[in-house]
Enquirer: 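Next up is a structure, given as structure tokens.
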Amino acid sequence: MPVLAASEIERVFREQYGRAVSVLVRRFGDIELAEEAVQDAFVVATDRWPVTGLPASPTGWIITTARNRAIDVLRREASRADRYPQADPDAADDEAAGVALDAPDASDALDALDAGEEGAVGDDRLRLIFTCCHPALGAAAQVALTLRLLGGLSTAEIARAFLVPDVTMAQRLVRAKGKIRDAGIPYRVPGAADLPGRIRAVLAVVYLIFNEGHTASSGQRLTREDLCAEAIRLGRQLADLLPAEPEVMGLLALMLLVDARRAARSGPGGELVLLAHQDRGRWDRALVAEGQAIVRRCLARGQPGPYQLQAAINAVHAGAASAATTDWRQIVQLYDQLLSLEPSPVVALNRAVALAEVGGPAAALAIVDALELSGYYYLFHAVRADLLRRVGRDAEAADAYTAAIAATDNARERDFLRRRRAALTGARREESTPS
């Protein structure tokens with residue numbers, strides 16, 4: 001009897017949820033129907049795959065099963081005649097796709113489905129992003145909805161990215177999907193004249209997908225390679241679509257330079273390794289070279305933007321042979337420019353980290369203590385804990401580490417923070433022990 005771990009089904013969900021939703025949205029023109037059908041398909045997979053084993057084409061199985069579910073729903077609803085016209089008229093019908101709708105686990109049908117959809121995957125996902133980033137929706141709702149549908153992130157994961165309670169984010173998602181449905185917002189990549197009004201939100205979506213991949217907000221793994229790869233793939237597609245847009249190129253460079261360090265961010269046991277202690281010989285030099293080349297092209301245009309400046313900061317890190325030779329003064333100057341364009345407390349926090357290397361931890365701590373970033377943002381507490389440790393305020397540093405541990409659901413981050421806190425408390429015990 002086949003034995004399939006639940007983690008394998010979760011892997012398929014993480015990697016293929018966005019693809020399946022985007023394909024069904026194109027077929028039926030209804031985001032809510034597509035999302036519910038894909039979720040139902042994964043419920044069926046959870047029951048069936050541990051018994052039958054993983055299908056030859058898990059993605060094809062999910063898409064076919066979800067499409068069957070969507071068709072069943074439409075057949076049951078009295079409004080079926082009104083809803084079918086919303087589907088993409090250019091989509092191939094079921095018979096043309098060669099899919100046996102009553103046999104989703106038939107390998108020949110799955111292969112036919114997969115081959116039929118593969119060529120449209122990129123456009124499908126971009127269409128979904130641009131649909132969710134319609135100006136009729138609020139900026140926060142645009143980004144949150146796309147993360148939910150395309151990235152497969154849970155409501156809780158998205159809420160943490162926005163530093164808001166889960167209930168607040170759930171309400172935003174419901175309202176956003178309802179507005180798309182009620183306003184009849186089309187599922188398509190907009191024309192050239194409409195792109196400038198949406199590109200900022202689209203870039204924010206791609207960057208947040210990458211951030212969730214770079215450091216997963218929950219779970220046992222530090223990173224989610226599938227999300228990093230998907231964000232970079234989308235970034236490359238956007239660069240092909242808008243090669244003259246500096247911020248598109250800046251985001252692509254930023255992701256490449258950050259992802260180049262991925263192999264060095266974890267130790268042999270999966271533990272978190274900070275930038276200062278990474279083995280730079282493990283950095284992906286091909287990605288570094290590509291990212292730095294894009295940064296140079298962006299700088300030559302003389303139209304700086306937030307993503308370009310962040311890419312430039314990471315290019316400085318990438319160009320240093322060691323942590324000790326990093327040009328921190330240049331990094332602080334770049335953060336000054338970034339803060340003038342994007343005056344947010346998160347940018348100010350990152351600038352303070354760089355300032356600590358130039359002006360000392362006390363100067364950086366004064367800035368951090370003035371920021372309004374407590375609560376959901378664990379990095380605020382982690383940075384503050386490190387600065388307190390460096391100025392010798394160990395008891396306060398231990399409390400800050402405790403707050404950081406409580407604010408993250410990533411097991412690797414928690415382990416790292418606990419080790420830092422334990423080192424502090426251990427040192428204090430040694431100091432208080434009579435000789």
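Position 1 is the first residue of the sequence, and the numbers go up from there. Hydrogens, waters and symmetry mates play no part in the numbers below; they use all other heavy atoms, side chains included.
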Enquirer: Taking the basic N atoms (NZ, or NE/NH1/NH2) and the acidic carboxylate oxygens, is any pair closer than 4.0 Å for R390 and E357?
Expert: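 Here R390 pairs with E357 in a salt bridge, since their nearest N and O are under 4.0 Å apart.
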Enquirer: Locate the shortest heavy-atom distance separating A45 from P50; write the atom from each residue and the value.
Expert: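 Nearest heavy atoms, A45 then P50: O-CD, 3.6 Å.
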Enquirer: Return the CD1 to CD distance between I405 and E413, rounded to the nearest 0.5 Å.
Expert: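 Atom-to-atom, I405:CD1 and E413:CD are 11.0 Å apart.
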Enquirer: What I'd like to find out is whether the side chain of L203 reaches to under 4.5 Å of the side chain of V248, using heavy atoms alone.
Expert: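 They are in side-chain contact.
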Enquirer: Answer whether the closest heavy-atom distance between the side chains of L417 and H381 falls below 4.5 Å.
Expert: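 With C-beta onward as the side chain, the pair stays apart.
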Enquirer: Name every donor-acceptor pair, under 3.5 Å, that has one atom in a side chain of residues 238-246 and the other anywhere in the protein, sequence neighbours excluded.
Expert:
unit_1: E245; atom_1: OE2; unit_2: E247; atom_2: N; d: 3.3

Enquirer: I'd like to know whether M255 forms a side chain to side chain contact (heavy atoms under 4.5 Å, CB included) with V206, so could you lay out the CA-CA distance, the side-chain angles of the two residues, the decisive distance to 0.1 Å, and finally the verdict.
Expert: CA-CA 10 Å; M255 294 189 295; V206 174; 3.9 Å; yes
Enquirer: Does N410 reach the main-chain N or O of A216 with its side chain, forming a donor-acceptor pair under 3.5 Å?
Expert: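 A pair under 3.5 Å: yes.
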Enquirer: Kindly give the heavy-atom pair with the smallest separation between Y378 and A407, and that separation in Å.
Expert: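 In terms of heavy atoms, the two residues are closest at CB-CB, 3.5 Å.
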Enquirer: Do the side chains of V288 and R261 get nearer than 4.5 Å, heavy atoms only?
Expert: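 No, too far: nothing below the 4.5 Å cut-off.
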Enquirer: In chain order, what residues pass the side chain to side chain donor-acceptor pair (under 3.5 Å) check against Q220, with sequence neighbours excluded?
Expert: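 By the side chain to side chain donor-acceptor pair (under 3.5 Å) rule, Q220 matches no residue at all.
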Enquirer: Is there a donor-acceptor pair closer than 3.5 Å between any side-chain N or O of R389 and the backbone N or O of A397?
Expert: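 No, because the side chain of R389 does not come within donor-acceptor range (under 3.5 Å) of the backbone of A397.
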Enquirer: With sequence neighbours excluded, tell me which residues meet salt bridge (charged side-chain N to carboxylate O under 4.0 Å, His left out) with R262.
Expert: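 With neighbours one apart ignored, the set is D259.
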Enquirer: Among L252, V258, L256, which one satisfies side-chain contact (heavy atoms from CB on, under 4.5 Å) with L254?
Expert: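 The passing option is V258.
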Enquirer: Would you mind reporting whether E36 and V73 have side-chain heavy atoms less than 4.5 Å apart?
Expert: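 The answer is no; the side chains never approach within 4.5 Å.
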Enquirer: Return all side-chain donor-acceptor pairs below 3.5 angstrom for residues 342-350, not counting sequence neighbours, or 'none' if the list is empty.
Expert:
unit_1: S344; atom_1: OG; unit_2: V347; atom_2: N; d: 3.2
unit_1: N350; atom_1: ND2; unit_2: V346; atom_2: O; d: 3.4

Enquirer: Provide the closest heavy-atom pair for L287 versus A260 in the form atom of the first, atom of the second, distance.
Expert: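 For L287 versus A260, the nearest heavy atoms are CB-CB, 3.8 Å.
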Enquirer: For A70 and F28, which heavy atoms make the closest approach, and how far apart are they?
Expert: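 So the minimum-distance heavy-atom pair works out to CB-CE1, 3.7 Å.
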Enquirer: Can you list the residues that meet the side chain to side chain donor-acceptor pair (under 3.5 Å) rule with H134, with sequence neighbours excluded?
Expert: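 H134 satisfies side chain to side chain donor-acceptor pair (under 3.5 Å) with no residue once adjacent residues are dropped.
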Enquirer: Which pair of non-hydrogen atoms, one from P304 and one from L341, has the smallest distance, and what is that distance?
Expert: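 Of all heavy-atom pairs spanning P304 and L341, the closest is O-CD1, 3.9 Å.
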Enquirer: In Å and rounded to the nearest 0.5 Å, what is the CD1 to CZ distance from I209 to R224?
Expert: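 Reported value, rounded in 0.5 Å steps: 10.0 Å.
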Enquirer: Report the C-alpha separation of L365 and L388 in whole Å, then their side-chain angles, then the decisive distance to 0.1 Å, and conclude whether the side chain to side chain contact (heavy atoms under 4.5 Å, CB included) test is met.
Expert: CA-CA 7 Å; L365 182 60; L388 287 165; 3.6 Å; yes
Enquirer: Suppose the criterion is ring-ring contact (aromatic ring centres under 6.0 Å, His included): which pairs have a residue in residues 193-245, not counting sequence neighbours?
Expert: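 Of all non-adjacent pairs touching residues 193-245, those that pass ring-ring contact (aromatic ring centres under 6.0 Å, His included) are Y207-Y307.
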Enquirer: What is the distance from atom CG of D394 to atom CG of L424, rounded to the nearest 0.5 Å?
Expert: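 The CG atom of L424 is 5.0 Å from CG of D394, to the nearest 0.5 Å.
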Enquirer: Please list all pairs passing the ring-ring contact (aromatic ring centres under 6.0 Å, His included) test where one or both residues lie in residues 265-284, with sequence neighbours left out.
Expert: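 Output for this query is empty, none listed.
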Enquirer: Does the side chain to side chain contact (heavy atoms under 4.5 Å, CB included) test come out yes or no for W328 and H317, once each step is laid out?
Expert: CA-CA 9 Å; W328 287 106; H317 283 299; 3.5 Å; yes
Enquirer: Atom CZ of residue position R301 - does it have more than 12 heavy atoms of other residues, nucleotides or ligands inside 6.0 Å?
Expert: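 More than 12 within 6.0 Å, yes.
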Enquirer: Rounded to the nearest 0.5 Å, what separates atom CG in L257 from atom CD1 in I313?
Expert: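 If we round to the nearest 0.5 Å, L257:CG and I313:CD1 are 11.5 Å apart.
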Enquirer: Just to verify, what does R69 make a salt bridge (charged side-chain N to carboxylate O under 4.0 Å, His left out) with, not counting sequence neighbours?
Expert: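 Once residues adjacent in sequence are excluded, R69 has no partner under the salt bridge (charged side-chain N to carboxylate O under 4.0 Å, His left out) criterion.
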Enquirer: Under a plain distance cut-off of 3.5 Å, with no hydrogens placed, do R265 and T215 share a side-chain donor-acceptor pair?
Expert: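 Yes, side-chain donor-acceptor contact under 3.5 Å.
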Enquirer: How far apart are the closest heavy atoms of G250 and C298, and which atoms are they?
Expert: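 Nearest pair, atom of G250 first, then C298: N-SG, 3.9 Å.
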Enquirer: Going by side-chain contact (heavy atoms from CB on, under 4.5 Å), name the residues that satisfy it together with A366, two or more places apart in sequence or in a different chain.
Expert: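 A366 satisfies side-chain contact (heavy atoms from CB on, under 4.5 Å) with no residue once adjacent residues are dropped.
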Enquirer: Any chance you could lay out the side chain to side chain contact (heavy atoms under 4.5 Å, CB included) test for V353 and Y335, step after step, and finish with the verdict?
Expert: CA-CA 10 Å; V353 172; Y335 270 121; over 6 Å; no
Enquirer: If you round to the nearest 0.5 Å, how far is CG of L339 from CD of Q337?
Expert: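 One finds 11.0 Å between CD of Q337 and CG of L339.
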Enquirer: For the side chain of D386 and the backbone of A382, is there at least one donor-acceptor N/O pair under 3.5 Å apart?
Expert: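 No, D386 side chain to A382 backbone: no donor-acceptor pair under 3.5 Å.
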Enquirer: Are any side-chain N or O atoms of T402 and backbone N or O atoms of A398, one a donor and one an acceptor, separated by less than 3.5 Å?
Expert: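 It does hold such a pair.
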Enquirer: Find the distance between CG (L173) and OG1 (T155) and round it off to the nearest 0.5 Å.
Expert: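 If I round to the nearest 0.5 Å, the distance is 5.5 Å.
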Enquirer: Under the ring-ring contact (aromatic ring centres under 6.0 Å, His included) rule, collect the residues that match up with F13, sequence neighbours excluded.
Expert: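 Residues passing ring-ring contact (aromatic ring centres under 6.0 Å, His included) with F13: Y17, F42.
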Enquirer: Under the salt bridge (charged side-chain N to carboxylate O under 4.0 Å, His left out) test, which residues partner E35, sequence neighbours left out?
Expert: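 E35: salt bridge (charged side-chain N to carboxylate O under 4.0 Å, His left out) contacts with R148, K177.
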Enquirer: Using a 6.0 Å cut-off, check whether atom CZ of R200 has over 12 heavy atoms from anything other than its own residue.
Expert: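 At most 12 heavy atoms, drawn from other residues, nucleotides or ligands, come within 6.0 Å of this atom.
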Enquirer: Go through the structure and list residues passing salt bridge (charged side-chain N to carboxylate O under 4.0 Å, His left out) with R351, not counting sequence neighbours.
Expert: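 For R351 the salt bridge (charged side-chain N to carboxylate O under 4.0 Å, His left out) partners, ignoring immediate neighbours, are D336.
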